[in-house]
2 protein chains.
Amino acid sequence: MSNRPTIADIAKRVGVSPGAVSFALNGRPGVSEQTRARILEVARDMNWRPHRAARALGGAQAGVVGLVLARDPRTLGSEQFYTQILYGMQDVLSARSSAVQMQLVRDTAAEIDLYRLWASEHRVDGVVLVDLQLDDPRIEVVRSLGLPAVTLGQPGEPGLLPSVWADDAEAMTTIVDYLAALDHRRIAHVAGPPIYQHVARRAAALHEQALVRGLRAGESVGTDFSDAQGAAATRALLSRADRPTAIVYDSDLMAAAGLAVALEMGIEVPRALSVVSFDDSVLTRIVHPALTCLSRDTYALGAQVASALLQAIADPSSREAIQTETPRLVVRGSTARPL
Amino acid sequence: MSNRPTIADIAKRVGVSPGAVSFALNGRPGVSEQTRARILEVARDMNWRPHRAARALGGAQAGVVGLVLARDPRTLGSEQFYTQILYGMQDVLSARSSAVQMQLVRDTAAEIDLYRLWASEHRVDGVVLVDLQLDDPRIEVVRSLGLPAVTLGQPGEPGLLPSVWADDAEAMTTIVDYLAALDHRRIAHVAGPPIYQHVARRAAALHEQALVRGLRAGESVGTDFSDAQGAAATRALLSRADRPTAIVYDSDLMAAAGLAVALEMGIEVPRALSVVSFDDSVLTRIVHPALTCLSRDTYALGAQVASALLQAIADPSSREAIQTETPRLVVRGSTARPL
DNA sequence: GTGGGGTACTAAAACGCTATAGAAGAGGTA
DNA sequence: TACCTCTTCTATAGCGTTTTAGTACCCCAC
């Protein structure tokens, strides 16, 4: 069953030493073109494949990068974004015959434990840090472990780790400008947990641009990103006397939940309430009305992350911050001029 | 940086041979309890962790199992189910210090290539086959590769591979009985691609039970599982003169898309049309009205799959078919007695 | 006090590959 | 002929672990 051919088998058959076969198979000098061709032919004939463990033992790379998502198992649901990221990463990595190992854990502490384990077992060559927090503890951990890493979403200024990011403050500004142009005066924001950097950035951008446009300073309500809290926050906002005429949601899941609440309360969307989602996925298109949202090419983003990570693995001192396309506003049926 | 301790380091410090350290760390006889305790203490002190590649080289397991999803990158969206499966699997596997490698590929051919690659590189110890097809080509491939595998969703009769399955024919029967009791006479089925075993089983069960209950024999419409085709199929069904009063969807994504179509056509749900989803996820709860659906503990299912796979790895001749809980019908707002 | 049988350990090989030092031979130059 | 260089290859060590065969020692029985 497991009599797969080794380099020694090939060497015996061709009549050269294992070292020569290794040279030939890895395309490095040390064998004549003639011998190389013979070796490659025999290798193909015997269906030889490198044994990764043997290579890794010699200090080579594991051929795996890690992506850890810290999620409460009960609030799964917003991971569509990461499925696409994963897809984009895999397409880049598989060209280098690497793979992504995605793991779901309960919280940041478990995530950090996993990085320690992975580093000590040489399981992965590098990791992607997502959902960055203010003063994120993971950054120091991966640095001290010597584990190459790239952050997804940490903006501009050269930080401690290389990063791939998009300007979501600018994106939020676009939303506010769009709503202001429609004559919305009261804009609310159903946000994620304030510990996340991107949540804080968006809230700040909303607030700031509301001031610029002379609107009622937009208020952000924190949630845990779950549909339940998104619904609850919406209900609270819409129950006020001076309720907002537009709500921006940090995720499409919460936006859809909020939309359902509005309908249930008899508040017509978009006539009495405009809804904007900061996130795009199939979800925004299947609810009715379809949601106006920010959209971007998540697959391409994943590909860029993978490239940056390969770069970080090759050159551990790299700290480059790669800015990607700013999410574009896609207008659908959920936004309109208020009554 | 990479000066992680090896067994030899521990041996030197304790003053024994590497072999003795290996015995001690793996809990096998050959060392006195006293020495064992000393070795374990030093190992903990030095923060030793096994080097997986070195172990794998000796023929041990890779500590990774594979889960491949064949999906067109554009029709991503129904993978919530698998995210939960993944979570359940990981919790079982991490107790055995194993992990899951999930990979998305374009089609079954690419999936098979991946199995060949994984087997030849010793990358995974086993794989889970999902989305089984009629006369599925993957089964013969993994068998010929000697790659331990478990199928998810292949029913009962001892097949060529061990399996974990649920009785979805029974579940469909429950749905038909429920709708018949509400006096629905015309039930349609927006199904997935007919090449899938579970799709065929459900369609057959619907047809059969419709006959039993004396209803108009329920018709199944095939789709590619995308929201677009789910919407199109719904539109076609609802445009007929004798349109159905209830539609059963094979996925929650299509059910939600179908719901939106009905609303858009001015067909009230549930008064003029009842909607049932064969799948549960957060999606069924955030649309309005919330969807009546079949629900099951997907996390637990993933855990069972992982256990079965570990079993299959330990005993490659195993062919056990483990039946899991039949999905339960959860009634929500999208179903009612027809007008 | 010799042999038998256990226990506690060591030495060395093996897993499959890569890397490095060096050997053998060809060819050129002085 | 002696010396050097270049190419092409071989031999060998090494990566970290497990496993096997073997050794040293002790205890006990005869």
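Residue numbering restarts at 1 for every chain, and letters A, B, ... go by the order of the sequence lines.
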_side chain to side chain donor-acceptor pair (under 3.5 Å) partners of B:E320, counting only residues at least two apart_ =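 Result, side chain to side chain donor-acceptor pair (under 3.5 Å) vs B:E320: none returned.
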*Quick one: side chain to side chain donor-acceptor pair (under 3.5 Å) partners of A:S17, sequence neighbours excluded?*
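Result, side chain to side chain donor-acceptor pair (under 3.5 Å) vs A:S17: none returned.
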*Contact list for residues 32-62 of chain A, test ring-ring contact (aromatic ring centres under 6.0 Å, His included), sequence neighbours left out*: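 Residue pairs with at least one partner in residues 32-62 of chain A: A:H51-B:H122.
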*Report the residues that fulfil salt bridge (Lys or Arg N to Asp or Glu O under 4.0 Å) with B:R96, sequence neighbours left out, ordered by chain and then residue number.*
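If we apply the salt bridge (Lys or Arg N to Asp or Glu O under 4.0 Å) test to B:R96, skipping adjacent residues, there are no hits.
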_Results of side chain to side chain contact (heavy atoms under 4.5 Å, CB included) for B:D45 - residues two or more places apart only_ =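 With neighbours one apart ignored, the set is B:R13.
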*For B:R36, check side chain to side chain contact (heavy atoms under 4.5 Å, CB included) against everything at least two apart and list the hits.*
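Checked B:R36 against side chain to side chain contact (heavy atoms under 4.5 Å, CB included); matches are B:A24, B:V31, B:E33, B:L40.
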By nearest atom, which of the nucleotides [options] is closest to the [X] side chain?
X     : options                : result
A:S32 : C:dC15, D:dT8, D:dC15  : D:dT8
B:L57 : D:dG16, D:dT10, D:dT18 : D:dG16
B:A54 : D:dT17, C:dG16, C:dT10 : D:dT17
A:I7  : C:dT10, D:dT10, C:dC17 : C:dC17

Detail all sub-3.5 Å separations between protein N/O atoms and N/O atoms belonging to nucleotides 19-22 of chain D.
unit_1 : atom_1 : unit_2 : atom_2 : d
D:dT19 : OP2    : B:R28  : NH1    : 3.1

Which side-chain N or O atoms in residues 306-316 of chain A pair as donor and acceptor under 3.5 Å with protein atoms at least two apart or in another chain?
unit_1 : atom_1 : unit_2 : atom_2 : d
A:S307 : OG     : A:A303 : O      : 3.2
A:D315 : OD1    : A:S317 : N      : 3.1
A:D315 : OD1    : A:S317 : OG     : 2.8

Side-chain donor-acceptor distances from residues 53-69 of chain B under 3.5 Å, at least two apart:
unit_1 : atom_1 : unit_2 : atom_2 : d
B:R55  : NH2    : B:N26  : OD1    : 3.2

*Of the residues in residues 34-41 of chain A, which ones touch DNA chain D at a heavy-atom distance under 4.0 Å?*
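Within this stretch, A:T35 sit under 4.0 Å of the strand.
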*With axes from five pairs an end, tell me the bend angle of the helix from C:dG1-D:dC30 to C:dA30-D:dT1, nearest 10°.*
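Between the first-five-pair axis and the last-five-pair axis there is 70°.
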*May I ask you to list the residues of residues 43-50 of chain B, by number, that have any heavy atom positioned under 4.0 Å from an atom of DNA chain C?*
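Correct list: empty, so none.
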